[in-house]
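Okay, so here's the structure we're looking at.
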Amino acid sequence: MTEPYFRPPGQPKSHKPTYYLTTPIYYANSRPHVGSAYTTIVCDVIARHKRMCNYDVAYLTGTDEHGVNIERAAEKLGISPSELVDRNYKIFIDLWKLLGISYTNFIRTTSTQHAVAVQKIVRRTMRRSPNAIYKKKYEGRYCVYDNLFISDTAEPANCPICGRPGELISEENYFFRLSDYKDDLLALYARNPNFVRPDFRLNEVRSFVESGLKDISISRKSVRWGIPWPDDPEHVFYVWYDALTSYLTGIGFAEGPDGSEEFRHYWPANLHMIGKEILRFHAVYWPAFLIAAEIPLPRQVFAHGWLLFEQEKMSKSKGNVAYAEPIVKVLGNDALRYYLLRETVFGQDGNFSRDALITRYNADLANGLGNLASRILTMVERYCDGKIPRPPMIRDQQIAILTETTRAETRMAFDNFEFSLGLEKIWVLVSALDKYLTENKPWDLASQPDERERLMEVLYNACEGLRFLALLLHPVLPNATDKIWAGLGRPTRLEDQQVDETTFGSLLPGEPIGKFEAVYPRVEKKEASERIEAMEEEIRNPAATVKTAANDPATVPPTAGVAAGPSTAGGKISIDDFLKVEMRAGVVKSAERIQGADKILKLMVDIGEEVRQIVAGLAVSYQPEELIGKKVVVVANLAPRKLRGVESNGMIVAASVGPEGKPVLCTFTEDVPAGAKLK
Ligand code: ME8
């Protein structure tokens, strides 16, 4: 696995052109899902691609650790906000390691250097633009989930991002005079039409600014978990002012009057990669904050689409999320990276489907690239004595020409963030090489002594094609391409190669190839899917089947205050949704422990028409014998599933209590017959 590319402090900077890119700084109120992994993987592909195009790359990611959503999530777990974020940020770091993310810098917004940076930028703003910040009483609606000021009146209003009702706040705040920056912003968009991409997003931003800007509050008085305002510690910074500044802090803005050497080397950022829902913060607020502080502006903000899960945005609070870890464990890191970049036209929304992921893996990676690499390297081993073949002359140029055009097309596509197009072009080369082997039949040539020269020519071309594939695919598929590179006997590190600095024909005949470790074993779809699903369930619900109104008692909670499950706008469900859940009174007939599982019990529960086997996470609160005869509430129409290999046909309802989320059974105050319906 690739280690994070933390640059050791003090390492001299190169004279290459710089490229500084950032992911959003993710909320540390819950664990990352495939959505957060998506942006981070895309940025990793860009970072690796840029390095192979001779750029000196700084790549920042991090965790957004302040604000009401963190404060509330911690409260709910009965722990302090700092305990919560200390716990959760590690999960991000671990996932980035698992995914081989080559970030160079990581920022936590609770770090001291970040608090220094935030106070520094606001002081600088007050010095350089004395009218930009003022104090005023604010009354309006605020979304605690997206940290968005929704409206400036007390009238109830829903959040335009997540649809939930805004909370009323009424307090004195520091305000940023955004209304003064309309002309500057419009001039910026006119001067740099690439400031926001894709193009249609720039039009949205421009219309928003043209329609008039309201001043925005940049401090909060009723929130304690934040960075104190300089010389007025009753106020903490509005979490977005705090979070956006981390793009400066992450590369050393806090140091000295003009930032560290690293800061001066890399700022302004070349790219802020974000999801479309946070575009306004990045394309309107952020440049205005920077203009007021007289700090150079980033060059580009790219707002990509959402990964949808059954046509809804994947979101922790709705519970409709897929996690990256199980996919990586079953199919490998490359599989997830490839699927995310190949399946959707980057920029647009795309559906996430486990089925499509496994199909792509088998078709393109196992049967496609993996099989091709193994065919070529096995034949070189067998027919060429494990050495790069020596062709007397290259007569057919088809592979040489195709590799050159593929390189040019892919380079252009990746430069433009058209990843699916770039991969399509590369797969034209994969298929062409496959066809080349099938048509030229090296295995037949090998059995005819007078075809030796032709055999060498065909296999040499195949090796060169494979070398180009490794080079072009490395940013997307770092693991397998490293193995192919080693299999071709290359002594250098693939990630240090420059994509433009090689020509077809550079492989030296006679050099030994290396040991090839096969890549992408084929998987059986149903089995792989079930394994991924089981691991996802384990993440969602580590305490087995007990699901409670207060959500999972997991180490990492979903966003506070919202029950899991599909929802409509505003986090509410309709009566029809509720009626889909069939709940019945049940009587526990027997209960026993399950070997090797200390949290769950196997119960037989009488629900009227039948006795059901249900596996429930009750062992931390109840001895099996205490449960016998108890009246419980059973969710009777859940699809069966296996927990620790034992089938469970329903769910027992319990409250989740205290920081550990101990289950407390829900029962009845009066006698009810088994099978009685709850509604
Ligand atoms: O907004 N599809 O943090 P966040 C695609 N802390 N991308 C997704 C996604 C999905 N379903 N879900 C999440 C915040 N993302 C702030 C940012 S920056 C100064 C502060 C990705 O944890 C996407 O990049 O809610 C989105 O913008 C980001 O995660 C939101 O992360």
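Just so it is clear, the values below take in all heavy atoms, side chains as well, and ignore hydrogens, waters and symmetry mates. When a ligand or atom number is given, it counts from 1 through the structure's own listing order.
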- Could you tell me whether ligand 1 has any atom less than 4.0 Å away from a heavy atom of M273? no

- Item | Short N-O contact, R72 and E167, less than 4.0 angstrom | yes

Using atom types as modelled, flag every donor-acceptor pair under 3.5 Å from a side chain in residues 285-301 to any protein atom, sequence neighbours excluded.
residue: W286; atom: NE1; partner: H272; partner atom: NE2; Å: 3.1
residue: E294; atom: OE1; partner: R128; partner atom: NH1; Å: 3.2
residue: Q300; atom: NE2; partner: N194; partner atom: O; Å: 3.0

- Message: One thing to verify: whether R48 and D44 come together as a salt bridge, which I'm taking to mean a side-chain N less than 4.0 angstrom from a carboxylate O.
- Response: yes

- Under the ring pair (Phe, Tyr, Trp, His ring centres under 6.0 Å) test, residues paired with Y134 that sit two or more places apart: F175

- Task: Would you mind telling me if ligand 1 is within reach of the side chain of L307, the backbone, both or neither, using heavy atoms under 4.0 Å?
- Result: both

- What atoms of ligand 1 come closer than 4.0 angstrom to any heavy atom of D64? 6 (N), 16 (C), 20 (C)

- Query: So is there a nitrogen or oxygen of Y26 less than 3.5 Å from a nitrogen or oxygen in ligand 1?
  - Reply: no

- Message: So for ligand 1, is E277 a polar contact partner (N or O within less than 3.5 Å, distance only)?
- Response: yes

- Query: Just which atoms of ligand 1 are under 4.0 Å from any heavy atom in I278?
  - Reply: 1 (O), 27 (O)

- Message: Between K276 and D349 (salt bridge meaning N to carboxylate O under 4.0 Å), is one present in this structure?
- Response: yes

- Task: Could you see which bit of W240 sits under 4.0 Å from ligand 1, with heavy atoms only: side chain, backbone, both or neither?
- Result: side chain

- Query: Which atom names give the shortest non-hydrogen contact between L357 and L336, and what distance separates them?
  - Reply: CD1-CA, 4.4 Å

- Query: So which bit of H33 gets within less than 4.0 Å of ligand 1, heavy atoms only: side chain, backbone, both or neither?
  - Reply: side chain

- Query: In terms of atom number and element, which parts of ligand 1 are under 4.0 angstrom from non-hydrogen atoms of Y38?
  - Reply: 5 (C)

- Query: Taking atom types as modelled and ignoring hydrogens, do the side chains of S222 and E171 form a donor-acceptor contact shorter than 3.5 angstrom?
  - Reply: yes

- Query: Looking only at N/O atoms, are I25 and ligand 1 under 3.5 Å apart anywhere?
  - Reply: yes

- Query: Relative to each other, are the rings of H49 and F414 parallel, tilted or perpendicular (30° and 60° limits)?
  - Reply: perpendicular

- With a cut-off of 4.0 Å, which atoms of ligand 1 are near a heavy atom of G305? 5 (C)

- Message: Below 3.5 Å, N or O to N or O, backbone or side chain included: is there any such pair between T39 and ligand 1?
- Response: yes

- Is a salt bridge present between E261 and R264, judged by a nitrogen-to-oxygen distance below 4.0 Å? no

- Query: What do you reckon, does G275 have a nitrogen or oxygen under 3.5 Å from a nitrogen or oxygen of ligand 1?
  - Reply: yes

- Query: For F309, is the nearest heavy atom under 4.0 Å from an atom of ligand 1?
  - Reply: no

- Note on the structure: Atoms of ligand 1 under 4.0 Å from any heavy atom of A243, numbered from 1 in the order shown, are 19 (C)

- Please confirm whether F417 and H304 have ring centers closer than 6.0 angstrom. no

